[in-house]
Amino acid sequence: MLILKESILDPYFTLIVPIFNGEAFLSRCLDSVIEASKGFNIEMILVDDGSTDNSINIAQEYSNRVSWIISIQQKNGGPSSARNTGLKLARGEYIGFVDCDDCISDSYFSELSIACTDKPDIVVFGYQRVFLNGRKQNYVPYRQTHNKDLELLLCNVNSDRQLFWFPHTKLFKASVLSAVSFDEYMRLGEDTIFNLQAVYNAQSISRIDSVLYFYYETSGSLSSSSYKENLIENMERHFSSRLNISKNTSRGLDDKTWQDIYNYYIFHILPWLLSNARHLNKSEQLEELKRIRDSDFIKQCYAQQFRIGKKPRMALMQILFRARQFGLLQRYITSIDSKRNKQKKG
């Protein structure tokens, strides 16, 4: 349900905030945007994605109080669906994303206004990660502008996490996102595909060395104790989307592109899949390992090359997995988990 109200005309910035059961953190998030917004022409679109807690009431209270905050409620469709809803309504020249359990710096809009003076298509900025134990770590890009090397950036997805990971450490020119949306069938890695599409459409990208976003770690990651269903199918779709983007560049699927694709799916995605399989019982785990090995993206990557990586533990897992020694791989993964549990217990 869209809450209709008068709002400012032609905002320069639009921030989209997907919300799902975020009552514990939502006020902190919204207050940070209000504090940073002073003197700037913005709108903020809050999209409640079927929350069952008090989130929608908090969002509505802020919307009633602040003229440039729009509150929307929809049935649960996942964060991609919520972000797409916001994208359809966004009116700003530049669009950014903020998760409801995170917050932004007081200087967010002031520094991004300066960064947008030359009208780049994408601005990349730094963020601070706040871990569950309270530890904090900053991730800061080198100040740099890209105008002619954009296709080369598309061959560096695995290592350029600042550009291709997360939607919330970037500001996008609305025109670049005119034909770009989040894949609502993906529940993992959809942000990477979204960013790939945006970079493919871009003519200029600016990186600034400012920490403007605070990302708060939660316990709902792949390292949690629950099995994530349809993860293999998710990554099959992810892989297909990645290939389609690369095929449309002037480079196509050349050796450098394939090397990056291999590194991303074998050294980044495969460990996630193996970790996910750990949560099944032994017989189901063996079947899951076979399914992973027989997946199209694994087969295509191995058909291009075979590299085992530099870390001994990863190298051995790669060798066993490649050779279809699933029983040995299963026992090796179990031994690793056992050692980790002993270390945690002290």
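In summary, the aromatic rings of His268 and Tyr262 are positioned with their centroids too far apart to meet the 6.0 Å limit. Here the two rings, on His168 and Tyr127, have centers that are 6.0 Å apart or farther.
In the model, Ser210 has a side-chain atom that pairs as donor or acceptor with a side-chain atom of Glu111 under 3.5 Å. Side-chain N/O atoms of Ser226 and Lys228 include a donor and acceptor closer than 3.5 Å. For Asn195 and Thr192, the side-chain atoms include no donor-acceptor pair closer than 3.5 Å. Between the side chains of Glu288 and Tyr227, at least one donor N or O lies within less than 3.5 Å of an accepting N or O. Between the side chains of Gln285 and Asn281, no donor-acceptor pair is found at a separation under 3.5 Å. Side-chain contact check for Tyr215 and Asp101: no donor-acceptor pair (N or O, by modelled atom type) lies under 3.5 Å. Remark: the Gln259 side chain and the Asp255 side chain contain no N/O donor-acceptor pair separated by less than 3.5 Å. A donor-acceptor contact closer than 3.5 angstrom links the side chains of Asp254 and Thr257. Side-chain N/O atoms of Asn147 and Gln203 include no donor and acceptor closer than 3.5 Å. The closest side-chain donor-acceptor pair between Asn138 and Arg129, if any, does not fall under 3.5 angstrom.
Put simply, Met317 and Ile308 are part of the same group of oily side chains (I, L, V, M, F, W, Y) that touch within less than 4.5 Å, one to the next. Follow the hydrophobic side-chain contacts under 4.5 Å out from Leu154 and you never reach Leu152; the two are in separate clusters.
Side-chain contact between Lys170 and Trp165 is absent, with no heavy atoms from C-beta onward closer than 4.5 Å. In this structure the side chain of Lys173 reaches within 4.5 angstrom of the side chain of Val176, judged on heavy atoms. Counting heavy atoms from C-beta on, the side chains of Leu150 and Tyr200 never come closer than 4.5 Å. A 4.5 Å side-chain heavy-atom check between Ser81 and Gln74 finds at least one atom pair inside the cut-off. Taking 4.5 Å as the limit, every side-chain heavy atom of Phe125 sits out of range of all side-chain heavy atoms of Gln162. With a 4.5 Å cut-off on side-chain heavy atoms, Phe326 and Leu289 count as touching. Between Ile56 and Ser51, every side-chain heavy-atom pair lies at or beyond the 4.5 Å cut-off. Side-chain contact between Gln137 and Val130 is absent, with no heavy-atom pair separated by less than 4.5 Å.
The pair Asp183-Arg237 counts as a salt bridge, with a side-chain nitrogen and a carboxylate oxygen less than 4.0 angstrom apart. Taking the charged nitrogens against the carboxylate oxygens, Asp260 and Arg242 do have a contact shorter than 4.0 Å, which makes a salt bridge.
Between the side chain of Asn76 and the backbone N or O of Gly50 there is no donor-acceptor pair closer than 3.5 Å. For the pair Ser37 (side chain) and Phe40 (backbone), a donor-acceptor distance under 3.5 Å is absent. Checked by atom type and distance alone, the side chain of Ser295 pairs as donor or acceptor with a backbone atom of Ile292 at under 3.5 Å. Although no hydrogens or angles enter the test, the distance criterion places a donor-acceptor pair under 3.5 Å between the side chain of Asn234 and the main chain of Arg187. No donor-acceptor pair closer than 3.5 Å links the side chain of Thr249 to the backbone N or O of Glu151. Looking only at distances, a side-chain donor or acceptor of Asn248 sits under 3.5 Å from a matching main-chain atom of Asn244. Formation of a donor-acceptor pair under 3.5 Å by the Gln144 side chain with backbone atoms of Arg207 is not found in this model. When atom types are taken as modelled, the side chain of Ser240 and the backbone of Glu236 share no donor-acceptor pair closer than 3.5 angstrom. With hydrogens and angles ignored, the 3.5 Å screen pairs a side-chain donor or acceptor of Asp121 with a backbone N or O of Ser204. No side-chain donor-acceptor contact under 3.5 Å links Asp209 to the backbone of Val140.
To the nearest 0.5 angstrom, Leu329 atom CG is 11.5 Å from Ile319 atom CD1. In this structure, the separation between CG on Asp296 and CD1 on Ile232 is 12.5 Å, given to the nearest 0.5 Å. Distance check, rounded to the nearest 0.5 Å: CG of Asp191 to CG of Leu188 gives 8.0 Å.
With His238 as the partner, the ring-ring contact (aromatic ring centres under 6.0 Å, His included) test is satisfied by one option alone out of Trp272, Tyr185, Tyr265: Tyr265.
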Evaluation steps, salt bridge (Lys or Arg N to Asp or Glu O under 4.0 Å), between Asp99 and Arg83
CA-CA 10 Å; Asp99 285 350; Arg83 290 181 181 126; 2.9 Å; yes
Run the numbers on Val124 and Phe164 for side-chain contact (heavy atoms from CB on, under 4.5 Å), then give the verdict.
CA-CA 10 Å; Val124 184; Phe164 293 106; over 6 Å; no
Quick one, Tyr94 with Leu112, criterion side-chain contact (heavy atoms from CB on, under 4.5 Å). Give me CA distance, side-chain angles, the key distance, then yes/no.
CA-CA 10 Å; Tyr94 281 93; Leu112 288 176; over 6 Å; no
Verdict with reasoning, Gln197 to Asn201, per side chain to side chain donor-acceptor pair (under 3.5 Å):
CA-CA 6 Å; Gln197 291 173 328; Asn201 289 342; over 6 Å; no
From CA spacing to verdict: side-chain contact (heavy atoms from CB on, under 4.5 Å), Asn263, Arg307:
CA-CA 9 Å; Asn263 290 341; Arg307 297 168 55 241; 2.4 Å; yes
Taking it one step at a time, do Ser107 and Leu212 satisfy side-chain contact (heavy atoms from CB on, under 4.5 Å)?
CA-CA 7 Å; Ser107 61; Leu212 302 180; 3.7 Å; yes
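Between Phe194 and Phe97, the two ring planes are perpendicular [angle over 60°; tilted spans 30° to 60°]. Ring orientation note: the planes of Phe109 and Phe13 are tilted relative to one another, at an angle of 30° to 60°.
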Listing, residues 14-23 side-chain donor-acceptor contacts under 3.5 Å, not counting sequence neighbours, or none:
from	atom 1	to	atom 2	distance (Å)
Thr14	OG1	Glu43	OE2	2.7
Thr14	OG1	Gly92	N	2.8
Asn21	OD1	Thr52	N	2.7
Asn21	OD1	Thr52	OG1	3.4
Asn21	OD1	Asp53	N	3.3
Asn21	ND2	Thr52	OG1	3.4
Glu23	OE1	Asn54	N	3.1

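Contact between Ala59 and Leu26 at its shortest, heavy atoms only, is N-CD2, 4.1 Å. Of all heavy-atom pairs spanning Gly309 and Phe267, the tightest one is N-CZ, 3.5 Å. Among all heavy-atom pairs drawn from Val123 and Cys116, the shortest one is CG2-SG, 4.1 Å. Closest non-hydrogen pair, Lys75 versus Asp49, comes out as O-OD1, 3.2 Å.
A cation-pi arrangement is found for Arg322 relative to Tyr302, the charged atom lying closer than 6.0 Å to the ring centre and inside a 45° cone about the ring normal. Within the cation-pi definition used here (under 6.0 Å to the ring centroid, within 45° of the axis), Arg28 qualifies as a partner of Tyr216. Geometrically, Arg135 engages Phe131 in a cation-pi contact defined by less than 6.0 Å to the ring centre and at most 45° from the axis.
For Lys282, the NZ atom counts as loosely surrounded, since its 6.0 Å shell holds 12 or fewer non-hydrogen atoms of other residues, nucleotides or ligands.
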